[in-house]
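Remarks on the structure that follows.
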Amino acid sequence: MLTLMKSLLLGVFCLSVVTLCLFNLELHRKVLPRNQISFDTYQSQSIAEYLLRRFQNLEYGEPPAPVSDEDKLRRELWLKTEEQFQNKTKSCHLPKIVGIGTEKCGTFALFDFLRPHPMIRMGRELPPELKDDPFVGDLEIEAHYFDQSSTSYDLKQYCARLPLAEEGAFVAEKTPAYFSFPPLFVPMSIKKVLPHTKLLLVLCDPVKRALSDFQHEWDLLRVHNESGELTRYHNFTSYLDVYLPRMTQEVGEWIEERATLMSYRVIKEHNKHFLNHILTVGLYALHLKRWFPYYDQSNLMIIDGGKLLSDPGPIIEEIQDFYDLPKLLLKEDYVRDPDTNYFCFKDWKTGELRRLPKSKQRTRNGNAKLTDEETVRLKSFYKTHNEALFKMLNRTFNWV
Ligand SMILES: Nc1ncnc2c1ncn2[C@@H]1O[C@H](COP(=O)(O)OS(=O)(=O)O)[C@@H](OP(=O)(O)O)[C@H]1O
């Protein structure tokens, strides 16, 4: 009898334990969002042990980050903006955002940072012959219209190099050659064809820029084979040995009275020897002389390339203000890629990183460095031109 009672009691006890466990499991499923339930955890541990650990608060992991009011607002606004364009027909619209340069100062990164904005459209459909080009990323967003056109503007040609867009969207293109490459009349052309479009210009240390440009030309095999002399410029010093004296003689120091004339001469030099541009692009004050009759701070935003490299978030927020765009890209969206240390956009919806292509990570990561002597020579070449720039803009950059 006693044994029977013991067995009965044990049976009732076991049944209550199992019921309790199942009840708790159901409760747990209801309370925790689905993505926080780990099925692996169920398989690797007994339910009772799992629930025990759960109640001891060992299995929760990190609590989800609190969603700030700013995040909520952004999410709502973002979705509404996307909705606003859904099912709208697309056609050619001329750009409202144009990046004019400077070459090798981070214009690709800048535009890649802006690209996710739901009101911005960039990137054209490439013709098949260009699709295999190793610089496809650049070709896709660089229209190269004003540096290649004459003054009889065929807008159909421009449209063919732009993405199709909905009414109200902001088409964007960047062509770093606009700022400092021929023809002379690029600033006038842009003003004429796009009278209300505001421009973006990144300026960076011209010394570091020159090395980055040299490396770029090297990778394109254009440094080696000028005049067919394959080994002529076997490193940056040997390039400087030839081109620095030449450019010092042609351009020389900044002289206020001769600046306009010199700004034309620099463009002429470009046509004489293509590789001159590695040095002449960094003569920013001379180039700006050609832009200032058409543009001022209200329609040309000048961005410090050093800041863009070290902390791009606040700049991206400023740009949205400059264009009166809803501020949907926030500074915290820009994080360092743990593999390369370069900044990139972190998609707030998926957490994914938009990494920069390899061709945009050549020198500033320390892979190629200037020697002390190269630095001294280049600093001296740019010194008076940098000073003129700072005076012109009433602003200094941390380059000297
Ligand atoms: N966030 C940010 N800010 C500023 N600069 C950045 C940034 N990210 C990348 N980079 C640097 O951009 C360099 C390439 O310049 P561009 O994109 O202007 O090249 S191009 O003219 O469009 O070909 C490229 O130079 P190198 O390092 O010499 O390759 C990058 O260092």
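Here the structure is a predicted model, which is why all the values come from computation and not from measurement. Ligands are counted one by one from 1 in listed order, and the atoms in each one are counted from 1 as well. For reference, positions follow the sequence shown, starting with 1. Because only heavy atoms are used, hydrogens play no part in the values below, and waters and symmetry mates are left out as well, while side chains stay in.
Under a 4.0 Å criterion applied to the non-hydrogen atoms of Cys105, ligand 1 contributes the atoms 4 (C), 5 (N), 15 (O), 18 (O). Using a 4.0 Å cut-off to heavy atoms of Thr363, the atoms of ligand 1 that qualify are 26 (P), 27 (O), 28 (O), 29 (O). If you number the atoms of ligand 1 from 1 as listed, the ones under 4.0 Å from a heavy atom of Phe108 come out as 17 (O). Against a heavy-atom cut-off of under 4.0 Å, Lys174 is close to the following atoms of ligand 1: 22 (O). Every atom of ligand 1 with a heavy atom of Ser212 under 4.0 Å away is listed here by number and element: 25 (O), 26 (P), 28 (O). Each of the following atoms of ligand 1 lies closer than 4.0 Å to a heavy atom of Gly305: 4 (C). Interface of Arg364 with ligand 1, defined as ligand atoms under 4.0 Å from a residue heavy atom, comprises 13 (C), 24 (C), 25 (O), 26 (P), 27 (O), 28 (O), 31 (O). Each of the atoms 16 (P), 17 (O), 18 (O), 22 (O) of ligand 1 lies under 4.0 Å from some heavy atom of Thr107.
Each of Phe179, Tyr284, Tyr295 was scored for a side chain to side chain contact (heavy atoms under 4.5 Å, CB included) with Leu201, with one residue passing: Phe179. Under the ring-ring contact (aromatic ring centres under 6.0 Å, His included) rule, Tyr334 has a single partner from Phe113, Tyr342, Phe343, Trp348, which is Phe113.
At under 3.5 Å, not a single nitrogen or oxygen of Glu103, backbone or side chain, sits near a nitrogen or oxygen of ligand 1. Considering backbone and side-chain N/O of Pro312, none are found under 3.5 Å from N/O of ligand 1. Here's the thing with Leu356: none of its N/O atoms is less than 3.5 angstrom from an N/O atom of ligand 1.
Ranking protein heavy atoms by distance to atom 2 (C) of ligand 1, first place goes to Leu308 O, 3.5 Å. Regarding atom 21 (O) of ligand 1, its nearest protein heavy-atom neighbour is Lys104 N, 2.9 Å. Nearest non-hydrogen protein atom to atom 30 (C) of ligand 1 is Lys360 O, 3.1 Å. Atom 12 (O) of ligand 1 has Gly106 CA, 3.3 Å as its closest protein atom, hydrogens excluded (heavy atom only). Distance from atom 10 (N) of ligand 1 to its nearest protein heavy atom, with residue and atom name: Leu309 CD1, 3.8 Å. Looking only at protein heavy atoms, the nearest one to atom 29 (O) of ligand 1 is Arg362 N, 2.6 Å.
Side-chain atoms of Asn386 do not come within 3.5 Å of backbone N or O of Lys383 as any donor-acceptor pair. Side-chain atoms of Thr175 do not come within 3.5 Å of backbone N or O of Tyr178 as any donor-acceptor pair.
Heavy-atom separations between Phe113 and ligand 1 include at least one value shorter than 4.0 Å.
Below 30°, between 30° and 60°, or above 60°: for Tyr158 and Tyr145 the angle between ring planes is below 30°, a parallel geometry. Aromatic ring orientation, Phe381 versus His385: tilted (interplanar angle from 30° to 60°). Note on ring orientation: taking the six-membered ring where Trp is involved, the planes of Phe390 and Phe397 are tilted (angle from 30° to 60°). Between His273 and Tyr243, the two ring planes are perpendicular [angle over 60°; tilted spans 30° to 60°].
Legend: residues meeting ring pair (Phe, Tyr, Trp, His ring centres under 6.0 Å) with His93, ordered by chain and number and at least two apart, are absent. By the salt bridge (charged side-chain N to carboxylate O under 4.0 Å, His left out) test, Asp324 is found to be paired with no residue, residues two or more places apart in sequence or in another chain being considered.
A cation-pi geometry, defined here as NZ or CZ lying under 6.0 Å from the six-membered ring centre and within 45° of its normal, holds between Arg121 and Phe85.
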